[in-house]
Amino acid sequence: MTRRRSPVGAHTSVAGGLAQALPRAEAIGSEAIQVFVSSPRAWAPPPDDPDGDAAFADSCRLPVFVHAPYLINFGSPSPETLAKSSGCLEFALRRGAAIGAAGVVMHAGSAVLGSGGTPASKGVAGGRAWEDAMAQARECLLPLLDSVPDAPRLLIEPTAGGGGALASDASTLGAYLDVLGRDERIGVCLDTCHMHAAGHDLSTAAGFAGALRAYAKAAGRGAIGLIHVNDSRDPAGSKRDRHESIGRGTIGRDAFAALFSTPAVRGVPLVVETAEADHAADVATLKSLRDTSDLR
Ligand SMILES: [Zn+2]
């Protein structure tokens, strides 16, 4: 019996058009790919390109994931941010469907005021600001998913924590998914840098594996659809989200082997979100850890 192996790839630039991502992915040996379909730091979507999307879907043989813009926040108290978040996510889901994506990744969001505002809570699951923000997220997200019937699975990405984060560690992730009613259209995208920052120490293989099990348990069976594999510039519990290339951060190369030896995440696609110049080496490192684990 062959064991399901996690495909390994990278978040790939679409500079010059979506079609340009495929040769880039191929050049570094990617087996999975993540792209932006609109600027990650802007609200305004680009014009639709149905022909380009169809051509991409036809020629792409890899599992594809779309990362929605970072600005989206369904926990925001600003009606303007909320309306823009809905439009932005709807666009990502529609484009994701058009290019044949297996999932659309969205950051879990936070219960903070807009830029220049003060934090509305400490991000503790169960606190009043958290509850209000989550009720609002549920009210917006579920009807939005109804409005894009052929949408890829929405993958919630827990963040590094701090600043009123709605989901960061395993327990807040579980509480977040509970509020959303454990909807089958909603899954999870983990990020190893965020997990480490949120307080799960990934710097040993045992710690890494334990954290993967804790998140997988909180997410529920089959819910983890993708893992962003990044080392961290900051120590465990820092609440800081600064990615580092694999083996050059505070997690360290060897601990990443847990990704391939932990049954709870077996077969889940892995993409690095490190510096573009390091993608080829990072993909190769992960494949080599995978090969070693296959031999066991
Ligand atoms: Zn990420």
Side-chain angles (χ1 to χ4, degrees), residues 6-14 21 25 30 32-41 63-75 85 88-89 92 96 101-110 152-163 165-170 172-173 176 186-200 202 208 211-212 215-216 218-219 223-234 236 238-246 248-251 255-256 258-259 265 268-276 278-279 282-283 285-286:
S6 287
V8 173
H11 179 95
T12 306
S13 163
V14 295
S30 282
I33 180 170
Q34 178 178 274
V35 293
F36 292 127
V37 292
S38 63
S39 169
R41 298 181 199 282
V64 183
F65 297 88
V66 167
H67 200 309
Y70 304 129
L71 302 174
I72 293 177
N73 182 11
F74 287 97
S85 293
C88 219
L89 180 60
V104 170
V105 178
M106 180 186 81
H107 286 180
S110 62
R153 190 153 63 141
L154 175 66
L155 301 177
I156 304 294
E157 180 175 354
T159 54
L166 295 179
S168 55
D169 61 9
T172 47
L173 173 65
Y176 189 109
I186 298 172
V188 170
C189 171
L190 298 180
D191 182 310
T192 55
C193 173
H194 298 179
M195 292 162 69
H196 192 61
H200 298 267
L202 307 191
F208 205 132
L212 288 172
Y215 279 91
I224 298 178
L226 178 67
I227 302 179
H228 291 160
V229 184
N230 304 302
D231 212 325
S232 171
R233 285 197 209 177
D234 303 288
S238 69
K239 313 277 194 253
R240 299 191 71 183
D241 179 14
R242 298 194 305 159
H243 298 182
E244 183 53 277
S245 296
I246 309 303
R248 275 201 239 137
T250 60
I251 297 175
F256 284 94
L259 288 167
V265 296
V268 174
L270 310 173
V271 296
V272 300
E273 298 177 315
T274 52
E276 197 172 353
D278 295 333
H279 282 176
D282 287 339
V283 166
T285 299
L286 292 176

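Start at 1 and go down the list; that is how both ligands and their atoms are numbered. Quantities reported herein were computed from a predicted structural model and do not represent experimental measurements.
Between the side chains of T274 and D282, at least one donor-acceptor pair of N or O atoms lies under 3.5 Å. A donor and an acceptor atom, one from each side chain of H228 and E273, are located under 3.5 Å apart.
H194 and H107 have perpendicular rings, their planes meeting at more than 60° on a 0 to 90° scale where under 30° would count as parallel.
Partners of V268 under the side-chain contact (heavy atoms from CB on, under 4.5 Å) rule, at least two apart in sequence or in another chain, are I224, I227, V265.
Taking the charged nitrogens against the carboxylate oxygens, R242 and D234 do have a contact shorter than 4.0 Å, which makes a salt bridge.
Side chain of D241 to backbone of A160: no donor-acceptor contact under 3.5 angstrom is found.
Around the Zn ion (ligand 1), the protein N, O or S atoms closer than 2.8 Å are E157 OE2, D191 OD2, H228 ND1, E273 OE1, listed by chain and residue number.
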